[in-house]
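A quick note: this is a predicted structure, and the numbers were derived from the prediction, not measured. By convention in this document, chain letters (A, B, ...) are assigned in the order of the sequence lines, proteins followed by strands, and residues within each chain are numbered from 1.
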Amino acid sequence: ETGVTQTPRHLVMGMTNKKSLKCEQHLGHNAMYWYKQSAKKPLELMFVYSLEERVENNSVPSRFSPECPNSSHLFLHLHTLQPEDSALYLCASSQDAGLNTEAFFGQGTRLTVV
Amino acid sequence: TQLLEQSPQFLSIQEGENLTVYCNSSSVFSSLQWYRQEPGEGPVLLVTVVTGGEVKKLKRLTFQFGDARKDSSLHITAAQPGDTGLYLCAGGPQTGANNLFFGTGTRLTVIP
């Protein structure tokens, strides 16, 4: 138990569906992240939020839309995804978003786009 | 892009053997972290090293940060089946960027 909880654990969606991934952290951290983990590729950072403000967007397609209503919750809204978007989506949090950041990860959501 | 390459990519050994995993880059990092990820789970932080030449030990695991802060190694002594997993290194950038750069990973299998 890392203090970061993601739901759902598994999600299958069609290319025309709209779904959302949820992440909640109970660590009192100020920064939260979305990562994408695909087979045979390094973890890819998608979004960074610090104190509920988005501070980084790594050229992620607009079909992925993050939302951070408060410092404990992070959402990733999905719409009109492609099969190549199938991957493990990991949420992480850290005390802050500065140097020497130590990240605590959730268990991930395994997403399959059909 | 600050690329971190890990080697070997896959490693399968017998219980009780020793092994070393490497993490190399042409970039300098302010810190280097090692994570272990088990199937169906997210990565879990094992250690952070911040000083060039630093060595940290965690039971049977020994982590070293290169003098130039461009590379790191993880040595496991007397491997056990519970050590099985994906080992990831991650570098903290020198500038004020808000992210870690993850390595390509080493998938370790320890056979009982």
Completion exercise
When the 4.5 angstrom heavy-atom criterion is applied to A:Leu43 and chain B, the contacting part is both

Exercise for the section: Spell out, as yes or no, whether a donor-acceptor pair under 3.5 Å connects the side chain of A:Arg9 to the backbone of B:Gly40. Expected result: yes

Problem - Pair A:Ser93, A:His29: side-chain N/O donor-acceptor within cut-off below 3.5 Å - result: yes

Handout entry: Portion of B:Gln37 that has a non-hydrogen atom of chain A nearer than 4.5 angstrom
Key = side chain

Handout entry: Pairwise distance CZ(B:Arg36) to CD(B:Glu38) - rounded to 0.5 angstrom
Key = 5.5 Å

Problem - Region of A:Ala103 that comes under 4.5 Å of a non-hydrogen atom in chain B - result: both

Fill in the blank from the handout: Assert top hit (heavy-atom pairs under 4.5 Å, partner chain B, pool A:Gln37, A:Arg110, A:Lys41) equals A:Gln37

Exercise for the section: Sort out for me which residue in A:Phe105, A:Phe64, A:Tyr89, A:Phe47 forms a ring-ring contact (aromatic ring centres under 6.0 Å, His included) with A:Tyr35. Expected result: A:Phe105

